[in-house]
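In what follows, every chain begins at residue 1, and chains take the letters A, B, ... in the order their sequences are listed.
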Amino acid sequence: MIELTNKPIDVAKLVATAQQPSAGAVVLFLGITREFTEGKQTTTLYYEAYEAMAHSELTRLHDEACKRWPLVECRLIHRLGEVPLTETSVAVVASAPHRDAAFAAARWLIDNIKLSVPIWKQEHWSDGTQEWVHPGKKQDG
Amino acid sequence: MIELTNKPIDVAKLVATAQQPSAGAVVLFLGITREFTEGKQTTTLYYEAYEAMAHSELTRLHDEACKRWPLVECRLIHRLGEVPLTETSVAVVASAPHRDAAFAAARWLIDNIKLSVPIWKQEHWSDGTQEWVHPGKKQDG
Amino acid sequence: MMIEVQLFAGLREVWGGESVTIKFCDDATVADVLVAVEQLLPECESLVRLSRVAIDQQFASTDTPLAGCREVALIPPVSGG
Amino acid sequence: MMIEVQLFAGLREVWGGESVTIKFCDDATVADVLVAVEQLLPECESLVRLSRVAIDQQFASTDTPLAGCREVALIPPVSGG
């Protein structure tokens with residue numbers, strides 16, 4: 001199951017869906033809004049998506065993970081719009097009979113979400129400036 | 001923070017404690033009661049501990065993880081007594097500025113909990129028999 | 001042929017709109033999209049060079065032809081998660 | 001000296017009690033605890049051989065002396081988690 005949402009992510013509900021009788025291990029990863037990045041202070045973050053493609057990329061990653069590992073449950077949720085400090089922007093949960101698969105799948109999923117899903121974050125810095133984050137980008141001009 | 005408890009583990013509360021402003025990544029691991037192990041069906045599990053030593057071993061692992069990785073929060077909880085199917089016997093949560101540390105710490109902690117914390121599980125099989133689990137043990141007699 | 005190229009994040013901000021419509025030759029490819037947007041937004045040169053093109057919501061290699069595609073988007077480096 | 005050795009899980013079940021009190025020489029070590037329990041519970045031989053001894057709630061090497069210790073426990077392979 002994958003989801004893009006403008007609302008806060010209900011982590012308790014998400015973890016509960018992964019707790020099924022054939023699973024022995026659940027791994028949850030949350031990406032949350034951090035206050036400091038290389039000494040600069042974040043006030044809040046906004047996320048924008050190319051929604052149709054983000055949906056299909058998340059689905060592709062979900063299905064690929066289910067092929068690679070014997071997962072009992074696998075869910076990916078990304079929040080869009082404003083995500084205040086300490087709140088969850090992305091949640092990945094994977095459950096499996098044993099922990100190797102659950103850890104490997106959760107790690108692979110978040111690594112690949114960060115590589116290929118068309119979602120972007122905009123930093124709102126404490127000095128009042130805003131900045132779209134594009135990894136690898138040098139400052140133009 | 002480490003805890004041994006006879007009550008169900010409140011996962012939502014546990015994860016919330018890890019969501020602090022200096023963290024960007026949270027990893028939660030849950031060990032849950034699985035129904036089938038090598039074709040045998042589990043009805044329920046019981047956990048017994050050498051409580052004083054389990055407490056000090058969990059504390060040692062917690063402190064060692066906090067030395068090895070730059071963790072913002074780290075909590076270990078093990079439930080004792082009966083843990084019904086799909087419920088959580090052990091919860092490890094680690095948060096850190098970045099995900100490498102959170103994943104590595106959570107994985108190292110659960111691996112080491114399973115090696116050195118004096119807690120034992122008793123399988124209650126669907127055929128009515130009960131069995132203390134001691135990894136590596138050959139059947140005596 | 002006229003092709004509407006969708007823009008996002010830093011590119012959308014500089015361009016000031018969600019898409020830009022560009023005229024291409026009938027045998028144009030993905031590589032031509034990158035060149036055209038770079039000329040249109042010279043202040044985003046380094047960002048465009050880091051971007052990938054998605055055709056019909058899938059990443060496309062630079063030699064993919066544009067003819068017949070329904071949706072073209074320029075995908076600057078992503079930062080979700 | 002008389003030493004009370006705490007037992008857990010499969011060992012406790014076979015012995016039928018939470019601890020066993022055993023007489024040791026004054027210069028006895030952790031290795032002697034393992035030998036004594038193995039003789040006491042021959043049906044648990046393989047399990048005792050896989051077990052570690054904890055002295056005052058810490059795992060102890062086999063040459064650790066018993067004299068002066070407050071708490072001795074036999075720790076069969078653990079299965080928490």
What option among Ala102(A), Ala23(A), Ser22(A) has the most heavy-atom pairs under 4.5 Å with chain B? Ala23(A)

Does a salt bridge link Glu64(B) with Arg60(B), judged by any charged N lying under 4.0 Å from a carboxylate O? no

Sort Ala16(A) into side chain, backbone, both or neither according to what part of it lies under 4.5 angstrom from a heavy atom of chain B. neither

Which atoms of Thr88(B) are under 4.5 Å from chain A, going by heavy atoms: the side chain, the backbone, both sets, or neither? both

Would you check if there is a donor-acceptor pair between the side chains of Glu123(B) and Thr42(B) at a distance under 3.5 Å? yes

Ala12(A), Pro97(A), Ala91(A), Ser89(A): which one forms the most heavy-atom pairs within less than 4.5 Å of chain B? Pro97(A)

Are Thr86(A) and Gln19(B) linked by a side-chain donor-acceptor pair shorter than 3.5 Å? no

Between Glu87(A), His98(A), Lys13(A), which has the largest tally of heavy atom pairs under 4.5 Å with chain B? His98(A)

Proximal component of Asp10(A), with respect to chain B [non-hydrogen, under 4.5 Å]: neither

Give, as side chain, backbone, both or neither, the part of Val27(A) having an atom under 4.5 angstrom from any heavy atom of chain B. both

Within this structure, what is the CG-OG1 distance for the pair Leu76(B) and Thr59(B), rounded to the nearest 0.5 Å? 8.5 Å

Does a salt bridge link Arg99(A) with Asp111(B), judged by any charged N lying under 4.0 Å from a carboxylate O? yes

Less than 3.5 Å apart, any donor N or O on the side chain of Glu73(A) or Thr17(A) sitting next to an acceptor on the other? no

